[in-house]
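For reference, the structure is listed below as structure tokens.
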Amino acid sequence: MTEANNSLLAEFVLTGFTGRPELKTLLFVVFFAIYLITMVGNLGLVALIYMERRLHTPMYIFLGSLALMDSCCSCTITPKMLQNFFSEDRVISLYECMAQFYFLCLAETADCFLLAAMAYDRYVAICSPLQYHTRMSKKLCVQMTVGTFIASALHSMIHVGLLIRLTFCRSNQIDHFFCDILPLYRLSCTDPFINELMIYIFSMPIQIFTIATVLISYICILFTVFQMKSKEGRGKALSTCASHFLSVSIFYICLLMYIRPFEEGNKDIPVAIFYTVVIPLLNPFIYSLRNKEVINVLKRIMKTYNILKQISPSRAN
């Protein structure tokens, strides 16, 4: 096939993850509900952290940024997936495909950096509490957050830029529910060796650095906690890390399962559903339900709302 013919392929078909029409309505309702809860939970958490001055601390700034990236991930994947449940052609253009992968890569890369930053924040808070405000100042926190977004955007640009160099001719069907990078490699007429090499050169160091940061931070935290004489102090220290450790564990288990040697077919789809749809749903609840400060702020807001609601009818009378 000639290069001219290769370049004509400018759109793809997303096959999705079910070929059973009787399940489409049920799956649509389930994933639509998940999408609504995810967006309300994450954007609500971002708004809560933004409005409440007491939550303007490094831990909550990182948490708000994580919630924002989870919202980005959900917005990138779920609307197109919902549309395709009842779409006749399930077509996605090449540029839409590149944009979808760009924002997904941006969100997932940012999540890696933010989870590592949150682990370091907990390490400083527990292992060096007297130096916390100097070692984790608000200025440093903002610099780390901005640096995370810049590094994630550049990392995504590199891989999308390399995808643009590929031509596609083998088929226009992507055996997935979104434009993932590895299924695209299968459809390429151009040898994707350089693209794969760049994944190892850029993505693997990010994974190694962030995982090492998390592991070292928690090893140091555990050593410090076990040296505490007070049971109450140990319990309090561990409770402040429990939510983050649970979120980190779920995220990296799914990520490591997904970046295993790639197999033909759609065996990776259940894991992809988990880390693109379920994790953004779980994170706001993991952090909110186990966080007394967030719960207290929510209670205070609800109490204020109820008081205003009671005052309004009396003024009208």
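As the structure is a prediction and not an experimental result, all values here were calculated from the model.
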Inset, instruction - Quick one: do Asn172 and Glu11 satisfy side-chain contact (heavy atoms from CB on, under 4.5 Å)? Show the steps, please. - result: CA-CA 7 Å; Asn172 69 337; Glu11 59 183 26; 5.5 Å; no
Inset, instruction - Any chance you could lay out the ring-ring contact (aromatic ring centres under 6.0 Å, His included) test for Tyr102 and His155, step after step, and finish with the verdict? - result: CA-CA 9 Å; Tyr102 173 82; His155 180 242; over 10 Å; no
Inset, instruction - Given side-chain contact (heavy atoms from CB on, under 4.5 Å), test His244 with Tyr287 step by step and report yes or no. - result: CA-CA 7 Å; His244 179 256; Tyr287 286 105; 3.4 Å; yes
Inset, instruction - Would you mind reporting whether Phe149 and Phe113 have side-chain heavy atoms less than 4.5 Å apart? - result: no
Inset, instruction - Taking all heavy atoms of Gly16 and all of Arg90, pick out the closest pair and write down the distance. - result: N-NH1, 4.2 Å
Legend entry - Atom CZ of Phe31: over 12 foreign heavy atoms under 6.0 Å: yes
Inset, instruction - May I have the step-by-step check of side-chain contact (heavy atoms from CB on, under 4.5 Å) for Met204 and Ile199, ending in yes or no? - result: CA-CA 7 Å; Met204 292 305 292; Ile199 288 178; 5.6 Å; no
Inset, instruction - Please name the residue in the list Phe178, Phe168, Tyr95 that meets the ring-ring contact (aromatic ring centres under 6.0 Å, His included) test with Phe12. - result: Phe168
Legend entry - Point-to-point distance, once rounded to the nearest 0.5 Å, from CG of Leu114 to OG1 of Thr145: 6.5 Å
Legend entry - Spacing of Leu184 atom CG and Ile174 atom CD1 [to the nearest 0.5 Å]: 4.5 Å
Legend entry - Between OG on residue Ser247 and CD1 on residue Ile279, distance to nearest 0.5 Å: 7.5 Å
Inset, instruction - For His56 and Ile49, indicate whether the former's side chain and the latter's backbone hold a donor-acceptor pair under 3.5 Å. - result: yes
Legend entry - Tyr275 ring center near Phe251 ring center (under 6.0 Å): no
Inset, instruction - For Arg165 and Asn195, run side-chain contact (heavy atoms from CB on, under 4.5 Å): C-alpha distance rounded to whole Å, both residues' side-chain angles, the deciding distance at 0.1 Å, then the answer. - result: CA-CA 9 Å; Arg165 65 176 281 274; Asn195 300 62; 2.6 Å; yes
Inset, instruction - For residues Arg186 and Leu182, determine if any side-chain heavy atom of one lies less than 4.5 Å from a side-chain heavy atom of the other. - result: no
Legend entry - Inter-residue atom distance Asp175.CG - Ile269.CD1, 0.5 Å rounding: 7.5 Å
Legend entry - Side-chain heavy-atom pair Met144, Phe62 within 4.5 angstrom cut-off: yes
Inset, instruction - Decide whether Asp89 and Ser87 meet the rule of one side-chain donor and one side-chain acceptor closer than 3.5 Å. - result: yes
Inset, instruction - Taking atom OH of Tyr252 as the centre, report whether more than 12 heavy atoms of other residues, nucleotides or ligands fall under 6.0 Å from it. - result: yes
Inset, instruction - State plainly whether one hydrophobic cluster holds both Phe285 and Ile273, where clusters connect Ile, Leu, Val, Met, Phe, Trp and Tyr through side-chain heavy atoms under 4.5 angstrom apart. - result: yes
Legend entry - Met39 and Cys75, any side-chain heavy atoms less than 4.5 Å apart: yes
Inset, instruction - Consider only side-chain N and O atoms of Arg135 and Ser128, and report whether a donor and an acceptor are under 3.5 Å apart. - result: yes
Inset, instruction - Measure from the side-chain N and O atoms of Ser137 to the backbone N and O of Thr134, and report whether any donor-acceptor pair falls under 3.5 Å. - result: no
Inset, instruction - Specify the closest pair of heavy atoms between Ile221 and Ala119, including all atoms of both residues, with the distance to one decimal. - result: CD1-O, 4.4 Å
Inset, instruction - Can you see which heavy atom on Leu43 is nearest to which on Ser71, and at what distance? - result: CD2-OG, 3.6 Å
Inset, instruction - Indicate yes or no for a side-chain donor-acceptor contact from Glu96 to the backbone of Ser93 under 3.5 Å, with no hydrogens or angles considered. - result: yes
Legend entry - Side chain to side chain, Ile92 and Cys179, heavy atoms closer than 4.5 Å: yes
Legend entry - Side-chain heavy-atom pair Thr213, Leu115 within 4.5 angstrom cut-off: no
Legend entry - Atom CZ of Phe28 with >12 non-hydrogen neighbours under 6.0 angstrom: yes
Inset, instruction - Find out if a path of hydrophobic residues (ILVMFWY) with successive side-chain heavy-atom gaps under 4.5 Å connects Phe177 to Leu281. - result: yes
Legend entry - From CD1 (Ile77) to CG (Leu104), nearest 0.5 Å: 4.5 Å
Inset, instruction - Report, as yes or no, whether the 6.0 Å neighbourhood of atom NE2 on His133 holds more than 12 heavy atoms from other residues, nucleotides or ligands. - result: no
Legend entry - Heavy-atom pair with the smallest gap, counting every atom of Ala67 and Leu45: CB-CD2, 4.2 Å
Inset, instruction - Could you tell me whether Phe103 atom CZ has more than 12 heavy atoms of other residues or ligands within 6.0 Å of it? - result: no
Inset, instruction - State yes or no: do Ile216 and Phe245 share one hydrophobic cluster built from I, L, V, M, F, W and Y residues joined by side-chain heavy-atom distances below 4.5 Å, directly or via other members? - result: no
Inset, instruction - Grab the two heavy atoms, one from Thr109 and one from Cys105, that are nearest each other, plus how far apart they are. - result: OG1-O, 2.7 Å
Legend entry - Minimal non-hydrogen separation, Val91 against Lys80, with atom names: O-NZ, 3.0 Å
Legend entry - Chi angles and distances behind the disulfide bond (SG atoms under 2.5 Å apart) call for Cys127, Cys220: CA-CA 7 Å; Cys127 300; Cys220 294; 5.7 Å; no
Inset, instruction - With rounding to the nearest 0.5 Å, note down the distance linking NE2 in His159 to CE in Met198. - result: 9.0 Å
Inset, instruction - Decide yes or no for Tyr50 and Leu55: does some side-chain heavy atom of the first lie under 4.5 Å from some side-chain heavy atom of the second? - result: no
Inset, instruction - State whether a side-chain donor-acceptor pair under 3.5 Å links Ser74 with Thr38. - result: no
